[in-house]
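For ligands, and for the atoms within them, numbers begin at 1 and follow the listed sequence. The structure presented is a predicted model; accordingly, all values stated were derived computationally and were not measured. What's counted below: heavy atoms across the whole structure, side chains too, no hydrogens, waters or symmetry copies. Position 1 is the first residue of the sequence, and the numbers go up from there.
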Amino acid sequence: MKTSDVIVVGGGINGMMSAFKLIQKGFHVTLLERGQCAREASWAGGGILIPLYPWRYADPIARLDALAAPQWLDLADRLAATTGIDPQYTPHGIMHVRVEDAHKAQAWSARHHDMLTPLSSSRAHELLGRSVTSSLAPAFWIPGRGSIRTPRLGQALRQWLVDHPRATLVEHFEVTALLTTQGRVEGVEGPQGKYLAPRVVMAGGPWTRQLLVRHVQLPISPVRGQMLLFRAERALLQAVMLMNGFYLIPRRDHHILAGSTFEDAGFDRATTAEGYEQIHARALEMLPALKEVEVTHHWAGLRPGSPDSIPFVGAVKDPEGLYVNAGHGGNGVVLSPATADLLCAHIAGTPPPVEPAPYAVPRSG
Ligand SMILES: Cc1cc2nc3c(=O)[nH]c(=O)nc-3n(C[C@H](O)[C@H](O)[C@H](O)COP(=O)(O)OP(=O)(O)OC[C@H]3O[C@@H](n4cnc5c(N)ncnc54)[C@H](O)[C@@H]3O)c2cc1C
């Protein structure tokens, strides 16, 4: 039986980011993952570093985004320097085109430091590259934002934890029960044994609801998303492009990720022919040159969906010492540094970096 200050259950981006930040605050952390780290949504995700259509979310999402955004450059550089795995953070800019609710977008932007720059169709064309479809207005440009390669971010965080003396990373350990004594957390157990700590963080993505079922009812459920990889061999697109709810993400090697579906399929992460056809058609509509490009991969992942996509971050009332960082929906990569900061403040008892009430566990509404 090994003892640490905090146990984190779940080795997705949010469990690993929680451990990464807690360790920097001086805590000894044990992270338990039932499979391999970052193989679920935290491998499947596109890695766009802004909530998609940010004006369509409630303000608590914008507050987390504002806390996370300035951290990405340093975070990626630091992980690359310490682990040798470069997550390829690329601030190539994000373009929303043919926006149906342009008035809403403009009103939101006026309240959020003019984050969106309205552009003419021809200027949007220049920035995206001449291969994209025509008639892009209304278009909104977000300069300085971009994407990260999610699987590489996961590998880098995992390696950082493997190397750190205050981290214990255990894969292939499934947590089946929380251990408590006199209303306090004592640790967790699974078929292979027990781990002890006075604090436990549940960061099990869409499985968090089951992990907590005996302690609190959290409305977190899986939302399947499928993706395609187009193996383009020359630069066809200069920035992330969003149109009609779908998106294209150019990578540094010129390959283009296209996504995504939002499906209620329970915990089934199989891909489907319908998903393929839908994404393929939308991608060609955005970038007709993709017609000539081979699709080499098609995959699916399960987003941890929650009401209004607002994650649950904080302490569960009973038992004492039980915390949650889960339910990030389609924004679990971009918001991860911010929710980990908020979690750290709860655990360390330091002032929260954002007003914590909207993320409380559970919350009303
Ligand atoms: C197709 C797709 C595209 C996306 N695009 C983006 C994007 O562009 N930008 C963005 O910000 N987000 C995006 N997302 C969302 C993002 O990927 C997720 O919100 C995020 O990865 C969730 O991370 P997590 O750590 O909370 O959960 P997960 O990645 O699901 O990790 C949870 C982990 O907990 C483990 N676990 C569960 N139960 C137990 C147990 N009992 N014991 C031990 N371990 C357990 C699981 O094995 C898993 O590894 C996308 C998601 C998908 C599916």
Novice: Report yes if I48 has an N/O atom closer than 3.5 Å to an N/O atom of ligand 1; otherwise report no.
Specialist: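 Checking ligand 1 against I48, an N or O pair does fall under 3.5 Å apart.
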Novice: Does ligand 1 come near enough to G35 that some N or O of the ligand is less than 3.5 Å from an N or O of the residue?
Specialist: no
Novice: State which residues pass ring-ring contact (aromatic ring centres under 6.0 Å, His included) with F20; sequence neighbours excluded, sorted by chain then number.
Specialist: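 For F20, the residues satisfying ring-ring contact (aromatic ring centres under 6.0 Å, His included) (neighbours in sequence not counted) are W160.
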Novice: Looking at E274, E263, E40, which one forms a salt bridge (Lys or Arg N to Asp or Glu O under 4.0 Å) with R224?
Specialist: E263
Novice: For ligand 1, find out whether one of its N or O atoms is nearer than 3.5 Å to an N or O atom of A41.
Specialist: yes
Novice: Under 4.0 Å between a Lys/Arg side-chain N and an Asp/Glu carboxylate O for R231 and E233?
Specialist: yes
Novice: Going by the closest heavy atom to atom 47 (O) of ligand 1, which one wins out of M16, Q36, E33?
Specialist: E33
Novice: Flag G45 as yes when one of its N or O atoms lies below 3.5 Å from any N or O atom of ligand 1, and as no otherwise.
Specialist: no
Novice: With ring pair (Phe, Tyr, Trp, His ring centres under 6.0 Å) as the test, pick out the partner of F230 among H255, H280, H297, H298.
Specialist: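 For F230, the ring pair (Phe, Tyr, Trp, His ring centres under 6.0 Å) test succeeds with only one of H255, H280, H297, H298, which is H280.
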Novice: For G259, state whether at least one heavy atom is located under 4.0 Å from any atom of ligand 1.
Specialist: no
Novice: Please confirm whether A326 comes under 4.0 Å of ligand 1, counting heavy atoms of the residue only.
Specialist: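 Contact absent.
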Novice: Any N/O of G47 closer than 3.5 Å to an N/O of ligand 1?
Specialist: yes
Novice: Salt bridge or not for K21 and D341, using N-O below 4.0 Å?
Specialist: yes
Novice: With respect to atom 25 (O) of ligand 1, which of V334, N14, T208, N325 exhibits the smallest heavy-atom separation?
Specialist: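 The residue whose heavy atom sits nearest atom 25 (O) of ligand 1 is N14.
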Novice: Roughly how far, to the nearest 0.5 Å, is CG of L127 from CD1 of I94?
Specialist: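 It comes to 13.0 Å.
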Novice: With only distance considered, is V175 within less than 3.5 Å of ligand 1 through an N or O on each side?
Specialist: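 V175 vs ligand 1: N/O contact under 3.5 Å present.
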Novice: Return the closest protein heavy atom for atom 12 (N) of ligand 1 as residue, atom name and distance.
Specialist: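 Ranked first by proximity to atom 12 (N) of ligand 1 is G330 O, 2.9 Å.
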Novice: Would you check whether F173 reaches within less than 4.0 Å of ligand 1, judged by its heavy atoms?
Specialist: yes
Novice: Considering all heavy atoms of both residues, which atom of N14 and which atom of G332 are nearest to each other, and what is their separation?
Specialist: ND2-O, 3.3 Å
Novice: Judged by non-hydrogen atoms, does G329 sit under 4.0 Å from ligand 1?
Specialist: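 G329: in contact with ligand 1 (<4.0 Å).
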Novice: Considering heavy atoms of the protein only, find what lies nearest to atom 44 (N) of ligand 1 and give residue, atom and distance to 0.1 Å.
Specialist: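 Ranked first by proximity to atom 44 (N) of ligand 1 is R34 N, 3.1 Å.
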Novice: Enumerate, atom names and distances included, each donor-acceptor pair closer than 3.5 Å involving a side-chain atom of residues 198-220, sequence neighbours excluded.
Specialist:
| residue | atom | partner | partner atom | Å |
| --- | --- | --- | --- | --- |
| R199 | NH1 | D5 | O | 3.0 |
| T208 | OG1 | G204 | N | 3.0 |
| T208 | OG1 | G205 | N | 3.1 |
| T208 | OG1 | G205 | O | 2.6 |
| Q217 | NE2 | V213 | O | 3.3 |

Novice: Indicate the atoms forming the closest heavy-atom contact of T150 with I13, along with that distance.
Specialist: O-CD1, 4.4 Å
Novice: May I ask you to decide if the ring planes of W108 and H112 are parallel, tilted or perpendicular, using 30° and 60° as cut-offs?
Specialist: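 Aromatic pair W108/H112 classed parallel.
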Novice: Check contact between R39 and ligand 1, using heavy atoms of the residue and a distance below 4.0 angstrom.
Specialist: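 R39 does not count as a contact of ligand 1 under the 4.0 Å cut-off.
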Novice: State if W299 counts as touching ligand 1 under the rule of any non-hydrogen atom under 4.0 Å.
Specialist: no
Novice: Can you give me the closest heavy-atom contact between G330 and R303, atom names plus distance?
Specialist: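 G330 and R303 have their closest heavy atoms at CA-CD, 3.8 Å.
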Novice: I want to confirm something. Looking only at heavy atoms, which of H328, E171, H172, M227 is nearest to atom 1 (C) of ligand 1?
Specialist: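 Going through H328, E171, H172, M227 one by one, M227 has the nearest heavy atom to atom 1 (C) of ligand 1.
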Novice: So which of G154, A300, S42, G332 gets nearest to atom 23 (O) of ligand 1, if we judge by its closest heavy atom?
Specialist: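 Heavy atom nearest to atom 23 (O) of ligand 1 belongs to S42.
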